[in-house]
Asker: 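Pasting in a structure now, in structure tokens, and then I'll have a few things to ask.
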There are 2 protein chains.
Amino acid sequence: MASSIHDLARHLNISIGTVSRALNGRADVNADTRQRVLDAAAKLNYSPNQSGRSLRRGSTHSIAFMLQPHPGDQQYGEPFFIPFLTGLQAKLAESGLDLIVVMGAPGDYQQERLRRVVETRRADAVVLAWTRREDERIDYLTRVGFPFATLGRSRSGGKSYPSLDLDFEKAGAEAVDRLVARGHRRIAAIRPSLDLNFGYLFLAGYRKALRRHGIEVDPELIASGFINEAGGYEVTPGVMNSKDPPTAIIFNNDAMALGGCKALAEMGIKPGHDMAVIVIVDTPLCRYFSPALTGFRPPLEPMGRRLAEMLLASIPAYAGEEGPRTIREVWPLELIARDSD
Amino acid sequence: MASSIHDLARHLNISIGTVSRALNGRADVNADTRQRVLDAAAKLNYSPNQSGRSLRRGSTHSIAFMLQPHPGDQQYGEPFFIPFLTGLQAKLAESGLDLIVVMGAPGDYQQERLRRVVETRRADAVVLAWTRREDERIDYLTRVGFPFATLGRSRSGGKSYPSLDLDFEKAGAEAVDRLVARGHRRIAAIRPSLDLNFGYLFLAGYRKALRRHGIEVDPELIASGFINEAGGYEVTPGVMNSKDPPTAIIFNNDAMALGGCKALAEMGIKPGHDMAVIVIVDTPLCRYFSPALTGFRPPLEPMGRRLAEMLLASIPAYAGEEGPRTIREVWPLELIARDSD
DNA sequence: CGTTTTTCCGTAAACGTTTACGACAACACA
DNA sequence: TGTGTTGTCGTAAACGTTTACGGAAAAACG
């Protein structure tokens, strides 16, 4: 079954060294023999054993994406990640690299899986998502000197790694501006618990814009819950039961919005009619909800491609010529108006 | 950085062979030296290089799950898969195995990624999902003799591999029974295009039950679209515009139902009020939709665990004693009544 | 034709493990 | 004391690659 480079060499009556050089496109091999090697490889459908190759090369030629759950979250926010991963994978494939997705176990707070990937050298670099404001994963990776890039910013780890993020602060402010322009003064914000950085940034923009409009920030209108449907569902009644209830709600993502709208419906409140709703990070879900939720659509697939570029450029072994490499980028978020506000 | 077994041996002044044996728990090593080795390994935080190990052992100690897109589907149906993967990963971890998720590129019809995993021996076995009625991936894997298991049945590949599936046929029939009992006679079925086997099975049950109730199967009430929100949205108006429109719709999964309900809303039809809706494969989404959709909730996490067991038992290198091993299982699907029918 | 350069290829070491084999000492047994 | 057994460990080969090095033949040059 497993045809090795030795089989090829024996079959062609040449040495394995030559076969390897021919396969790897080195210059010091006759054009004719190279062709014979390539033909034979195709015929015996040879492909190099990954373990042998990476053992010798000292690199695995693959990048790991860590899919890590948050406590209480069963869903990993993965509908969000798939287009991102598609872009990541596409760009990596252009460089002949493999993308592997590593699942963290639920409750894996000590980043057991991450450590495992790093320590057993299963990948040459990792990509982290859902960065936290203080992120121990980033601390760990910088400490051990393992290459990585992040989707999202963090205060951890200095500025020594590539990161790509969205301008949640601006989006939060823009959402408030839009609602105020439509006459709302009581605007609630529902965001994830934990110190996920995008929730923090969103709230900062929200606060800033509110103050700019001379509206007092009311803690009763700010709530946090698990970043999924259940979280939105559980937390929304709280802000509705405040002394002076909101006329508009900004949800941090679409899953929370879905749960929140469910809670509203149960209270007899119709989103888009009795209550304005805006979502900061939406997915196709928002479009097919009734009413269609207005929100900010992140360009996830291009982001994946870009972060792959940035990561590759930051790894000496992969980077071609060391050009000027951007270390961090923050992309704008564009509002798509629909029917809910 | 990378501490190898040689460093350990040098540090302890013993041979690398002994270190390896101590680490791997072999019998022929003194209890005292074993402890010293383990202590040193912890201190130098050594962990074996995966490439070296799998090169020598001839196995990678990891299982690959293929996450493959379907044409026109941007979303991979992955919210569905995550709990399944959680169970898979949990069970594999119990045996010290790693789970890696390999992303197929969109439009990767030739299973380029699957071939790559197999040929470069990146994993010891693969897990396939979303099996088709005739599945070329299964043909390929059986042809080359690579171990695998499937979530879902197929007619391909004989009965030589473990598979775990849900009883979509029974669910389809049960949904019809329930609707008929509530007085419906015009019942539509909306299912994925392509020959995804669960769509086929669902439809078979639907047809059978309809006939059992003496109701003629009307082709105008059966439609297929992409298995996501857009698919349901695009296809639903078609069945509504038939000469004798349905009073109930069974959707094959929740994403299609979401899109379908959107289309209904735009036609002024309220699901759960003017139209009964049942979902065959639901996720938490259904619960938080308004109205909450009644549907069949698959026990995904236990299914992941079980399939891992079945896969492991089918691989001679992993299986302990060759006990009686179940090759295929079909699990029942339980209806959860909510507000939409 | 002699010398130098170029082209091409084989040899062998190395990557980090695991493991078959044998060696040696200690011990048990007669 | 001699023989066999047991416990413990070192040696070295092997897994499948890549690549530095050197050598032989061919080509280029005078």
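No hydrogens, no waters, no symmetry mates; every other heavy atom, side chains included, goes into these values. A quick note: this is a predicted structure, and the numbers were derived from the prediction, not measured. The chains referred to below are lettered A, B, ... by the order of the sequence lines, with proteins before strands, and numbering in each begins at 1.
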Asker: Can you find a side chain N or O atom of S4(A) that sits less than 4.0 Å from OP1 or OP2 on dG16(D)?
Answerer: no
Asker: What is the distance, to the nearest angstrom, from the CG atom on D32(A) to the P atom on dA26(D)?
Answerer: 15 Å
Asker: State whether R21(A) places a side-chain N or O below 4.0 Å from either non-bridging phosphate oxygen (OP1 or OP2) of dC8(C).
Answerer: no
Asker: Once you round it to whole Å, what is the distance between P of dG16(D) and CD of E119(B)?
Answerer: 16 Å
Asker: If you look at every strand shown and take non-hydrogen atoms under 4.0 Å, does G58(A) touch a base, only sugar-phosphate, or nothing?
Answerer: nothing
Asker: Can a side chain N or O of R53(B) be found less than 4.0 Å away from OP1 or OP2 on dT18(C)?
Answerer: yes
Asker: Taking atom C1' of dT18(C) as reference, at what distance in whole Å does atom NE2 of H61(B) sit?
Answerer: 12 Å
Asker: May I ask you to decide whether R328(A) forms a salt bridge with D165(A), counting only side-chain N to carboxylate O separations under 4.0 Å?
Answerer: no
Asker: Considering only dT8(D), dT18(C), dT17(D), which nucleotide approaches the side chain of N30(B) most closely?
Answerer: dT8(D)
Asker: Grab the NE2-P distance between H6(A) and dA14(D) for me, whole Å please.
Answerer: 11 Å
Asker: According to a strict under-4.0 Å criterion, is S15(A) in side-chain N/O contact with OP1 or OP2 of dG10(C)?
Answerer: yes
Asker: With nearest nucleotides of DNA chain D determined for R26(A) and I16(B) from heavy-atom distances, which residue corresponds to the more 5′ nucleotide?
Answerer: I16(B)
Asker: Need to verify one output field. Residue with the more 5' nearest nucleotide on DNA chain C, D28(A) or S20(B)?
Answerer: D28(A)
Asker: What's the CZ-C1' distance between R121(A) and dG16(C), to the nearest Å?
Answerer: 11 Å
Asker: Which nucleotide wins on minimum distance to the side chain of R56(A), given the candidates dT17(C), dG10(D), dT18(D)?
Answerer: dT18(D)
Asker: For the pair R306(B) and E309(B), find out whether any cationic side-chain nitrogen is under 4.0 Å from an anionic carboxylate oxygen.
Answerer: yes
Asker: Are any non-hydrogen side-chain atoms of T142(A) and S160(A) less than 4.5 angstrom apart?
Answerer: yes
Asker: Take the protein atom CD1 of I5(A) and the nucleotide atom C1' of dC9(C), then report the distance between them rounded to whole Å.
Answerer: 14 Å
Asker: 5'-most contact on DNA chain C: R36(A) or L55(B), nearest heavy atom basis?
Answerer: R36(A)
Asker: Between dT11(C), dG16(C), dG10(D), which nucleotide has the shortest distance from any of its atoms to the side chain of N49(B)?
Answerer: dG16(C)
Asker: At under 4.0 Å between heavy atoms, what does T33(B) touch on the DNA or RNA strands: base, sugar-phosphate, or nothing?
Answerer: sugar-phosphate
Asker: Can you measure L12(B) atom CG to dC9(D) atom P for me and round it to whole angstrom units?
Answerer: 11 Å
Asker: Hey, are K91(B) and E94(B) close enough for a salt bridge, meaning a charged N less than 4.0 Å from a carboxylate O?
Answerer: yes
Asker: With heavy-atom distances below 4.5 Å as the criterion, would you say the side chains of D7(B) and Y46(B) are in contact?
Answerer: no
Asker: Could you tell me how far apart I14(B) (CD1) and dG7(D) (P) are, to the nearest whole angstrom?
Answerer: 19 Å
Asker: Out of R133(B), R132(B), R137(B), which one pairs with D135(B) under the salt bridge (Lys or Arg N to Asp or Glu O under 4.0 Å) rule?
Answerer: R137(B)
Asker: Would you mind classifying the nucleic acid contact of S51(B) as base, sugar-phosphate or nothing, using non-hydrogen atoms under 4.0 angstrom?
Answerer: nothing
